[in-house]
Amino acid sequence: MSQYVTFDLNDTLYGVEVSWVQEVLRPHERTNIPRSPTTVAGLVNLRGQVVLTVDLRTRLEMPPRPEGVDPMMVVVQVGGEPVSLLVDRIGDVVGADDDTYAPPPDTLDTATRALVTGAHKLDDQLLLLLDVERAVT
């Protein structure tokens with residue numbers, strides 16, 4: 001059984017394997033980086049360490065987050081360095097058996113399909129598995 005930290009983006013459930021996740025945090029003040037790609041939401045100071053922040057809504061070519069909705073941060077380790085992923089809402093840690101796994105659905109748009117490695121069919125919804133390394137590059 002695999003364990004996933006789950007989160008919502010635009011009312012879709014995504015998951016990242018627990019082993020990738022360092023921590024989950026409320027939003028921190030971000031410093032913008034001039035001339036950075038639109039997917040880079042800035043830098044945050046995480047207990048004295050400067051951490052790059054990637055907005056997954058932008059990365060997945062979703063509409064902007066509604067006004068007044070603060071994103072949450074999922075801090076993952078990529079190449080030994082922390083990277084903060086901005087998400088709409090944090091879910092639970094869920095377990096999924098191999099027999100619920102399926103390849104990415106054909107109905108996903110191109111941007112999402114490029115960053116999803118597969119899906120698990122849960123009781124009440126589909127859990128899309130995010131490729132963390134591709135999401136932050």
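The model shown is predicted, which means the values in this text are computed figures rather than measured ones.
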Report task. Measure across Asp97 and Thr100 and return the closest heavy-atom pair with its distance rounded to 0.1 Å. Result -> O-OG1, 2.8 Å
**Report entry** Atom CG of Asp123 with >12 non-hydrogen neighbours under 6.0 angstrom
**Finding:** no
Query raised in the report: Short question: side chain of Thr6, backbone of Asp92 - any donor-acceptor pair under 3.5 Å?
Result: yes
**Report entry** Contact check, side chains of Leu86 and Met72, non-hydrogen atoms, under 4.5 Å
**Finding:** no
Query raised in the report: Taking a hydrophobic cluster as the set of Ile, Leu, Val, Met, Phe, Trp and Tyr residues connected by side-chain heavy atoms closer than 4.5 Å, whether directly or through intermediates, do Leu115 and Val136 fall within one such cluster?
Result: yes
Report task. Consider only side-chain heavy atoms of I, L, V, M, F, W and Y, link residues closer than 4.5 Å, and tell whether Leu108 and Val132 are in one cluster. Result -> yes
Query - Contact check, side chains of Asp8 and Leu13, non-hydrogen atoms, under 4.5 Å - result: yes
**Report entry** For Pro82 against Val75, the heavy-atom pair lying closest together
**Finding:** CB-CG1, 3.8 Å
Query raised in the report: In terms of hydrophobic clustering (I, L, V, M, F, W, Y; side-chain heavy atoms under 4.5 Å; direct or indirect links), are Val76 and Leu9 co-clustered?
Result: yes
Query - N-O pairing of Asp70 and Arg26 below 4.0 Å - result: no
Query raised in the report: Taking NZ, NE, NH1 and NH2 as the nitrogens, is one of them in Arg89 or Asp11 under 4.0 Å from a carboxylate oxygen of the other?
Result: yes
Requested in this report: State, to 0.1 Å, how close His28 and Met73 come at their nearest heavy-atom pair, and which atoms those are.
Outcome: N-SD, 3.5 Å
Query raised in the report: What's the shortest heavy-atom distance between Ala111 and Leu60, and which atoms?
Result: CB-O, 3.8 Å
Requested in this report: Give me the ring orientation class for His120 and Tyr101: parallel if the planes are under 30° apart, tilted from 30 to 60°, perpendicular past 60°.
Outcome: perpendicular
Requested in this report: Check for a donor-acceptor pair, side chain of Arg59 on one end and backbone N or O of Arg134 on the other, with a separation under 3.5 Å.
Outcome: yes
Requested in this report: Please step through side-chain contact (heavy atoms from CB on, under 4.5 Å) for the pair Glu17 and Tyr4, ending with a clear verdict.
Outcome: CA-CA 4 Å; Glu17 283 193 41; Tyr4 300 96; 3.5 Å; yes
Requested in this report: Scan side-chain atoms only and decide if Thr112 and Asp109 contain a donor-acceptor pair under the 3.5 Å cut-off.
Outcome: yes
Query raised in the report: Between Leu130 and Leu56, is any pair of side-chain heavy atoms under 4.5 Å apart?
Result: yes
Query - Pairwise side-chain contact, Leu52 with Ile33, heavy-atom cut-off 4.5 Å (strictly under) - result: yes
**Report entry** Non-hydrogen side-chain atoms of Val87 and Tyr14 separated by less than 4.5 Å
**Finding:** no
Report task. Verify the cluster assignment for Leu129 and Val78: are they in a single hydrophobic cluster under the rule of side-chain heavy atoms below 4.5 Å apart? Result -> no
Report summary line: Heavy-atom closest pair (Pro63 atom, Asn10 atom, distance to 0.1 Å) is CD-ND2, 3.8 Å
Requested in this report: Name all residues meeting the side chain to side chain contact (heavy atoms under 4.5 Å, CB included) criterion together with Gln3; count only those two or more places apart in sequence or in a different chain, and write none if there are none.
Outcome: Met1, Val18, Val93
**Report entry** Val21 with Val54, same ILVMFWY side-chain cluster at under 4.5 Å
**Finding:** yes
Query raised in the report: Would you say Asp88 and Arg57 make side-chain contact, with heavy atoms under 4.5 Å?
Result: yes
Query raised in the report: With side chains defined as the heavy atoms from C-beta onward, is the minimum distance between Leu128 and Pro105 less than 4.5 Å?
Result: yes
Report task. Give a yes or no on whether the backbone of Ala41 and the side-chain of Arg30 come within a donor-acceptor separation of less than 3.5 Å. Result -> yes
Query raised in the report: Are side-chain heavy atoms of Phe7 and Val16 found at a separation under 4.5 Å?
Result: yes
